[in-house]
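Below you'll find the structure, written out as C-alpha cells, and then a few comments.
Heavy-atom basis, side chains included; hydrogens, waters and symmetry copies ignored. Along the sequence shown, residues carry numbers from 1.
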Amino acid sequence: MRRLLTPLVSLVLLVAMGLGLAGCVTTGLPLAASSPWQPVALATRSNPLDLAFSDAKHGFLVGSNRLIMETEDGGATWQERALDLPAEENFRLISIDFQGDEGWIVGQPGLLLHSTDRGQGWTRLFLDTKLPGEPYLVTALGPKQAELATNVGAVYRTNDSGNSWQALVSDAAGAVRDLRRADDGRYVSVSGLGNFYATWDPGQPTWQPHQRVSSQRLQSMGFQPDGGLWMLARGAQLRFNADPADAEAWSKPVVPITNGFGYLDLAWDPQGSLWTGGGSGTLLVSADGGKSWQRDPVGGEQASNFTRIAFTPDGKGFVLGERGCLLRWVG
C-alpha cells in the first residue's frame, strides 16, 4: 500500500506546490485600491508606438501600419488621419516630436516628415541613401532644428528644417534594440542582442560601450529624473544608476514580480511614483523608489503587452500597448 500511495502523494504535493507557487508568482503583489489610468478607445488594431503634443490639448499618436491619429482634447479622444504617402508602402511610424507648431515624424523604411503648421500638413524630406541604418528617434529642438538618430546609433542634427544634416557621431554604435535621449542631449542605447549598452554625450566623437551588469540580457534603458540611468533586463530585473556621473555604477537588481512576462518600459509620474509595464497587462507602481510595489487594476484588465509609458512635461501621461491599446493618466 505504501508503494502505491507514495507516487500519488508525491503527485499531490507537486500539484499543491505548483498551485502555491503559481499563486505567489501571479498574485504575490497587492492590487492597488484604485487606478490613475483610464482606457482610451482607439478605432484601430495597429500598435501605437509614440505620441507628442504641440500644445496642452493638441497632439498626434503614430504607430504601425501607417497609423496616425490626432487629438484636440489632451488625449481623451483620438481621430484617424491620413498621410500623403505611396499606397504600396506600409510604413511603421516609430517616433514623433513637436516644438510648438513645428513637428517631425520618422518611420521605417526610410521616412522623415516635417510640419510647420501643427501637423495639418506634412512634407516628406528624402534622406540620403547612404544614411547608416533606419530612422529610429526624432527630437524637435527649436525653430528649424531637430536631431535624428537611427537604429544603428548614427546621430544627426539639422538647423535648416531638414534640408541638410550634420553628423554628431563619427561612428555608429551598431544595431540597437532600444535608444533614448535625455533632455540635455545625452543618449543611451541597448545593443540588438542585449549583451551590452553604450552611452554618448554631446561632444564625444564616438559611443562609449559598457558591459551588461549580469548574465541577464538587457531589454531597455533610459534616464531617471535626476539624470542617472535606469535599466530593464530579462528576468524582470530593474536596476538604477547609483551615481549619475558613472554610467557603470548600478544598484542591486529589483525584481517586483516574476510572472513570466518581462518589463518593457519604466517611467516616473508627476507625483514621483515609479511605473513599469510589460507583457500580458503587467503594469506595476511603486511609491517608494522601488522598495514595494502594487499591481494596477486597470492595467491588469487589458489583453495587451505594454510597450511604452510616457509622461509629458505638463503632466499628461499615457501607456501604449499593442493592438490599439492606450491608457490615459487621469491622476
Should K57 and D55 count as an ion pair when the cut-off is N to O under 4.0 Å? no
Are F126 and L111 side-chain neighbours, meaning at least one heavy-atom pair lies under 4.5 Å? no
Derivation and outcome, side chain to side chain donor-acceptor pair (under 3.5 Å), residues Y197 and Q208: CA-CA 9 Å; Y197 65 100; Q208 307 301 306; over 6 Å; no
Taken to the nearest 0.5 Å, the spacing of R124 CZ from I105 CD1 works out to 12.0 Å
Polar side-chain atom of N65 near backbone of L67 as donor-acceptor pair, under 3.5 Å: no
Identify the two heavy atoms, one from V152 and one from A172, that lie closest to each other, and give their separation to 0.1 Å. O-CB, 3.0 Å
Looking at R212 and S214, would you say the former's side chain and the latter's main chain have a donor-acceptor pair under 3.5 Å? yes
Do the side chains of F311 and L283 join up, straight or via other hydrophobic residues, at under 4.5 Å, putting them in one cluster? yes
F196: which residues meet the ring pair (Phe, Tyr, Trp, His ring centres under 6.0 Å) condition with it, sequence neighbours left out? none
What I'd like to find out is whether the side chain of D296 reaches to under 4.5 Å of the side chain of L284, using heavy atoms alone. no
Judged by atom type as modelled, is there a donor-acceptor pair below 3.5 Å linking the side chain of S54 to the main-chain atoms of G100? no
So, for W104 and W122, is the gap between ring centers shorter than 6.0 Å? no
Non-hydrogen side-chain atoms of F91 and L83 separated by less than 4.5 Å: no
Are L137 and T150 close enough that some pair of their side-chain heavy atoms sits under 4.5 Å apart? no
Testing the 3.5 Å rule here: is there a donor-acceptor pair between the side chains of N151 and E134? no
What are the two closest heavy atoms between C325 and P48, and how far apart are they? O-CG, 3.8 Å
Please check if the side chain of R234 supplies one atom and the backbone of Q219 the other of a donor-acceptor pair under 3.5 Å. no
Once ring pair (Phe, Tyr, Trp, His ring centres under 6.0 Å) is applied, do any residues pair with W78, and if so which ones, sequence neighbours excluded? none
Going through the distances and angles, do L238 and L266 end up as a side-chain contact (heavy atoms from CB on, under 4.5 Å)? CA-CA 9 Å; L238 288 67; L266 192 72; 3.7 Å; yes
For S251 and F240, indicate whether the former's side chain and the latter's backbone hold a donor-acceptor pair under 3.5 Å. yes
Distance alone, cut at 3.5 Å: any donor-acceptor contact between the side chains of S115 and D117? yes
Suppose we screen for salt bridge (Lys or Arg N to Asp or Glu O under 4.0 Å). Which residues come up paired with D314, at least two apart in sequence or across chains? K316
W293 and W275: CA distance, side-chain angles, deciding distance, ring-ring contact (aromatic ring centres under 6.0 Å, His included) verdict: CA-CA 9 Å; W293 296 82; W275 291 86; 9.1 Å; no
Within a reach of under 6.0 Å around CG of N163, are more than 12 heavy atoms found that belong to other residues, nucleotides or ligands? yes
Quick check against the 3.5 Å criterion: does S220 have a side-chain atom that pairs as donor or acceptor with the backbone of L264? yes
Please assess L31 against Q294 for the test side-chain contact (heavy atoms from CB on, under 4.5 Å), listing each intermediate value before the final yes or no. CA-CA 6 Å; L31 186 68; Q294 291 182 316; over 6 Å; no
Not counting sequence neighbours, which residues clear salt bridge (Lys or Arg N to Asp or Glu O under 4.0 Å) with R45? List them please. none
Shortest non-hydrogen contact from L42 toward M69: CD2-SD, 4.0 Å
Residues in salt bridge (Lys or Arg N to Asp or Glu O under 4.0 Å) contact with D201, at least two apart in sequence or another chain: none
What about the rings of F223 and W230, do their centers lie closer together than 6.0 Å? no
Donor-acceptor check, side chain of Q302 to backbone of V298, threshold 3.5 angstrom: yes or no? yes
Sub-4.5 Å side-chain heavy-atom contact between F318 and L61: no
Under a 3.5 Å distance rule, please check whether E102 uses its side chain to pair with a backbone N or O of K144 as donor and acceptor. yes
If the condition is ring pair (Phe, Tyr, Trp, His ring centres under 6.0 Å), which residues does Y136 pass it with, not counting sequence neighbours? none
Under the side-chain contact (heavy atoms from CB on, under 4.5 Å) criterion, do K252 and W250 qualify, and how do the steps go? CA-CA 7 Å; K252 293 182 179 179; W250 292 98; over 6 Å; no
Step through the shown structure and confirm whether more than 12 heavy atoms of other residues, nucleotides or ligands are within 6.0 Å of CG on D183. no
Between W329 and D269, does a side chain to side chain donor-acceptor pair (under 3.5 Å) hold up when you go through it step by step? CA-CA 9 Å; W329 176 265; D269 70 28; over 6 Å; no
Can you establish whether the number of heavy atoms outside Q211 located under 6.0 Å from its atom CD is more than 12? no
Donor-acceptor pair, distance only, cut-off 3.5 Å: does the side chain of R181 make one with the backbone of A149? no
When rounded to the nearest 0.5 Å, the distance separating OG of S46 from CD1 of I68 is 12.5 Å
Pairwise side-chain contact, T116 with H114, heavy-atom cut-off 4.5 Å (strictly under): yes
Atom pair CG (D265) and CE (M221), whose distance is rounded to the nearest 0.5 Å: 13.0 Å
Considering all heavy atoms, the nearest R118-E72 contact: NH2-OE1, 3.9 Å
How many angstroms lie between atom CZ of R328 and atom OG1 of T71, to the nearest 0.5 angstrom? 8.0 Å
Heavy-atom closest pair, residues E248 and P209: OE2-O, 4.5 Å
Do H210 and T199 touch side chain to side chain, with heavy atoms closer than 4.5 Å? yes
How long is the straight-line distance from CG of L93 back to CG of L113, given to the nearest 0.5 Å? 7.0 Å
Applying side chain to side chain donor-acceptor pair (under 3.5 Å) to E147 and Q166, what does each step give before you reach the verdict? CA-CA 9 Å; E147 277 183 10; Q166 175 189 4; over 6 Å; no
Would you say that Q145 contacts T158 through its side chain, given a criterion of any heavy-atom pair below 4.5 Å between the two side chains? no
Take N305 and E322, measure what side chain to side chain donor-acceptor pair (under 3.5 Å) needs, and give me the verdict at the end. CA-CA 6 Å; N305 298 324; E322 296 176 344; 3.1 Å; yes
Enter the distance from N47:CG to L326:CG here, rounded to the nearest 0.5 Å. 12.0 Å
Return the minimal non-hydrogen interatomic distance between W207 and D171, and the atom names on each side. CD1-O, 3.6 Å
Ignoring hydrogens and angles, tell me if any N or O in the side chain of S170 forms a donor-acceptor pair with the backbone of P205 under 3.5 Å. yes
Between V40 and L327, does a side-chain contact (heavy atoms from CB on, under 4.5 Å) hold up when you go through it step by step? CA-CA 6 Å; V40 177; L327 304 181; over 6 Å; no
